[in-house]
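Side chains included, hydrogens not; waters and symmetry mates left out as well; all remaining heavy atoms used. What you are looking at is a predicted structure, and each value in this text was computed from that prediction instead of being measured.
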Number of protein chains: 4
Amino acid sequence: MSDKKERILQATEKLLAEYGFHGLSMQMVAKEAGVAAGTIYRYFEDKDDLLYQLHDHILGYVAIKLSQNVSDDMPLKQRFHTMCLNIWEMATRGDAPLINRGQFDNLPRRDSHEQRLLEKQLFVKVDQLFDEGKACGLFKNLDNEILSVLSLEPSCCLARKHVNGVFKVSDEALEAAIDASWDAILQH
Amino acid sequence: MSDKKERILQATEKLLAEYGFHGLSMQMVAKEAGVAAGTIYRYFEDKDDLLYQLHDHILGYVAIKLSQNVSDDMPLKQRFHTMCLNIWEMATRGDAPLINRGQFDNLPRRDSHEQRLLEKQLFVKVDQLFDEGKACGLFKNLDNEILSVLSLEPSCCLARKHVNGVFKVSDEALEAAIDASWDAILQH
Amino acid sequence: MSDKKERILQATEKLLAEYGFHGLSMQMVAKEAGVAAGTIYRYFEDKDDLLYQLHDHILGYVAIKLSQNVSDDMPLKQRFHTMCLNIWEMATRGDAPLINRGQFDNLPRRDSHEQRLLEKQLFVKVDQLFDEGKACGLFKNLDNEILSVLSLEPSCCLARKHVNGVFKVSDEALEAAIDASWDAILQH
Amino acid sequence: MSDKKERILQATEKLLAEYGFHGLSMQMVAKEAGVAAGTIYRYFEDKDDLLYQLHDHILGYVAIKLSQNVSDDMPLKQRFHTMCLNIWEMATRGDAPLINRGQFDNLPRRDSHEQRLLEKQLFVKVDQLFDEGKACGLFKNLDNEILSVLSLEPSCCLARKHVNGVFKVSDEALEAAIDASWDAILQH
DNA sequence: TATGAATGAGCATTCATTCAT
DNA sequence: GATGAATGAATGCTCATTCAT
């Protein structure tokens with residue numbers, strides 16, 4: 001990817017996290033990225049497109065991070081545990097402002113082909129996990145999307161609240177919460 | 001509450017759900033509410049105040065709806081089940097655009113006294129449920145906030161995705177998901 | 001004059017001195033005067049009219065103050081001296097915000113009959129002074145308006161700068177300045 | 001100076017003279033200057049800044065005009081006479097709306113360093129004149145600021161009233177008034 | 001390609017004025 | 001007479017976008 005495009009995306013990400021959506025101007029982005037305002041329009045159609053692409057950019061990053069250190073020969077529970085910790089680390093280390101996710105979710109939707117592909121790619125390891133779990137009768141027989149909401153969403157939510165300072169989550173509490181999430185999808 | 005103020009709040013709620021936070025102008029609100037632009041400023045200090053007050057307004061509504069048909073002499077599981085259905089109904093019937101919640105979370109926070117009171121009021125029945133469950137050894141021994149994230153958040157998230165059309169949740173799936181959430185907080 | 005009208009005028013005068021012309025709103029005036037906004041329009045046609053009438057009101061006050069302690073049997077120099085001190089006192093005591101005069105001078109002019117009358121009334125003692133001075137060959141043979149600019153205007157200007165803090169004028173300097181103004185109109 | 005900035009300043013000057021301070025909108029200025037409204041904000045921080053800078057701009061112009069054709073080897077009286085005529089010409093020719101001065105005096109003050117410098121620069125020739133006159137015992141021993149109010153202020157005031165049409169000043173009257181002002185500062 | 005000055009529609013907000021009570 | 005809620009045009013200002021260089 002062009003150096004400038006990358007810098008613009010990173011500037012946008014930073015400013016979005018700092019000032020929120022309605023406090024983000026193209027001139028700010030240009031200044032932060034060290035390019036001229038007009039230059040942004042060489043890489044992005046308009047402001048919406050910039051935000052769309054940033055969304056995908058972050059999603060791509062998250063896709064990689066989420067599956068880090070997760071291999072197919074690991075036991076299911078360990079894979080799940082690792083993924084949850086990956087989510088937690090991403091959020092708390094701030095290297096991916098998942099915190100902003102909320103903002104993206106409320107953007108006017110773009111249901112492009114690449115969008116779908118990217119999201120599939122994000123969940124391929126997750127789908128695999130759930131499929132295997134259901135196949136061996138370990139997990140409840142629910143759609144992967146629902147299993148995801150039951151198990152991974154709480155981790156995201158916890159991380160978000162922790163980072164936003166709503167309440168603090170200790171390491172022990174985190175471990176317990178991950179275990180509880182596991183209980184949610186487990187066949188009892 | 002003054003008729004006009006109520007109408008302004010409802011117009012804001014509707015437009016926020018429809019156009020999102022950026023895309024909401026005071027003139028739009030005025031038009032939708034059937035009042036003059038200046039009139040808004042008789043009831044709200046500025047745009048932020050309008051959004052703050054809307055937040056509280058919705059929160060108050062949610063507080064009431066969430067605890068509807070929940071009485072202290074019901075078994076714990078039934079109470080939990082009812083609350084989850086209350087969330088689901090609120091979201092799907094659209095009479096409270098819980099969907100918007102995400103937007104409020106990203107507003108510059110106001111930590112007023114009333115704010116805290118309102119949020120406590122919202123969770124009083126929930127706190128009670130979790131406290132009783134932990135007391136009789138039925139629930140995991142975790143902070144109420146974490147139990148809430150583990151059990152109620154998935155219901156919210158599911159409803160949101162259902163309403164937003166990300167995927168459809170059948171009645172059976174909903175029931176199964178509620179049971180799964182129950183599993184998450186249960187001591188096994 | 002009606003109690004309310006008087007209160008409105010005084011409120012306007014005070015606020016005008018404090019906030020300047022473009023910082024004066026009818027609601028402010030109403031609040032300061034302790035009346036409802038609509039009440040102002042019972043006594044004044046519109047905002048301009050309020051300012052016009054305030055102008056006249058102040059002029060009338062100045063007319064009285066300027067000629068205070070000035071009687072026709074006093075020597076010319078003493079009369080002049082007294083008037084200059086009257087100007088100085090009015091300005092420095094702040095009981096008539098002559099300081100604001102500058103603002104009035106730049107209002108869209110109204111050349112009404114009463115306006116002319118009032119201004120004549122203001123200068124009747126001054127005219128008399130100049131007329132007598134010229135008649136006995138003591139003063140330069142110039143139009144009264146010019147004599148006024150040469151002799152009284154410096155006093156006003158001095159007082160204004162003193163009050164505004166541009167520079168401070170000691171009692172001795174004031175006396176010397178009055179004497180110098182006298183020199184300006186004297187036949188040498 | 002940028003062409004556009006110059007045009008904006010001149011438009012402001014013109015409109016200020018025509019409509020007064022309240023009655024001056026940024027859109028009017030933009031239209032008169034032949035630029036877009038937003039363009040003004042490239043050169044001026046806000047409306048106040050525009051007015052501040054206009055103040056300085058005019059002051060700079062006045063500084064130059066006031067001292068025109070005044071050289072140090074001219075007799076004191078001739079220098080004074082020339083300055084008074086410079087003031088008169090500036091005002092009556094309308095190339096510098098001294099008339100507006102009154103409005104600036106009522107603006108919220110900015111006591112910047114450049115401001116002070118500019119005003120000193122404006123009066124350097126005047127100070128010199130007064131200093132010399134006092135040194136050789138020709139002038140009264142008063143502060144330069146007071147001498148200025150006594151001698152130059154009447155010229156300004158006269159010009160202002162002449163231009164505003166309060167009364168007309170003939171050439172002879174002007175000469176006589178200048179002589180009278182000279183008398184005011186002269187040691188008798 | 002890259003620039004950044006220029007644009008002008010759009011925004012939040014104010015305020016002189018009206019009018020039903 | 002007096003009120004003050006309501007109005008809506010107008011304001012100062014921002015900012016996504018364009019385009020001549």
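Atom CG of D49(D) and atom C1' of dC13(F) are 14 Å apart (whole Å). Taking atom CD of residue E45(A) and atom P of nucleotide dA16(F), one finds them 16 Å apart after rounding to whole Å. Rounded to an integer number of Å, the gap from CE of M28(D) to P of dC13(F) is 16 Å. Rounded to an integer number of Å, the gap from L51(C) CG to dT17(E) P is 11 Å. Whole-Å rounding puts the D48(A) CG to dC15(F) C1' distance at 14 Å. For K5(D) and dA5(E), the NZ to P distance is 13 Å, given to the nearest whole Å. Note: CD1 (I40(D)) to P (dT11(F)) measures 13 Å, nearest angstrom. The nearest whole Å value for the distance from the CE atom in M26(A) to the P atom in dG4(E) is 16 Å.
Phosphate proximity of dA5(E) to K4(D): absent, as no side-chain N or O sits under 4.0 Å from OP1 or OP2. Proximity of R42(C) to the phosphate of dA2(F): no side-chain N or O atom is located under 4.0 Å from OP1 or OP2. Not one side-chain nitrogen or oxygen of Y41(C) sits closer than 4.0 Å to the OP1 or OP2 atom of dA2(F). Y43(A) has a side-chain polar atom (N or O) that falls below the 4.0 Å cut-off from OP1 or OP2 of dA2(E).
Among the heavy atoms of the strands, none lies under 4.0 Å from F44(B). At a threshold of 4.0 angstrom between heavy atoms, the contacts of L24(D) are confined to the sugar-phosphate backbone, with no base atom among them.
The partner of dA2(E) is dT21(F), judged by Watson-Crick or G-U wobble contacts that both fall below 3.5 Å.
For a distance-only test at 3.5 Å, the side chain of Q27(D) qualifies as a donor-acceptor partner of the base of dG12(F).
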Exercise. Give the intermediate values and the outcome of side chain to side chain contact (heavy atoms under 4.5 Å, CB included) for residues Q10(A) and E32(A).
Key: CA-CA 9 Å; Q10(A) 282 185 358; E32(A) 176 76 26; over 6 Å; no
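Side-chain atoms of S25(B) lie closest to dC11(E) of the nucleotides dT13(E), dC11(E), dC13(F). Each of dG12(F), dG4(E), dA16(E) was ranked by its minimum atom distance to the side chain of K47(C); first place goes to dA16(E).
Comparing G38(A) and V35(C) against DNA chain F, the residue whose closest nucleotide sits nearer the 5' end is V35(C). Along DNA chain F, the nucleotide nearest to T39(D) and the one nearest to T39(C) differ in position, and the one closer to the 5' end is contacted by T39(C).
For the pair K4(A) and F44(A), the NZ or CZ position fails the cation-pi test of under 6.0 Å to the six-membered ring centre and within 45 degrees of the ring normal.
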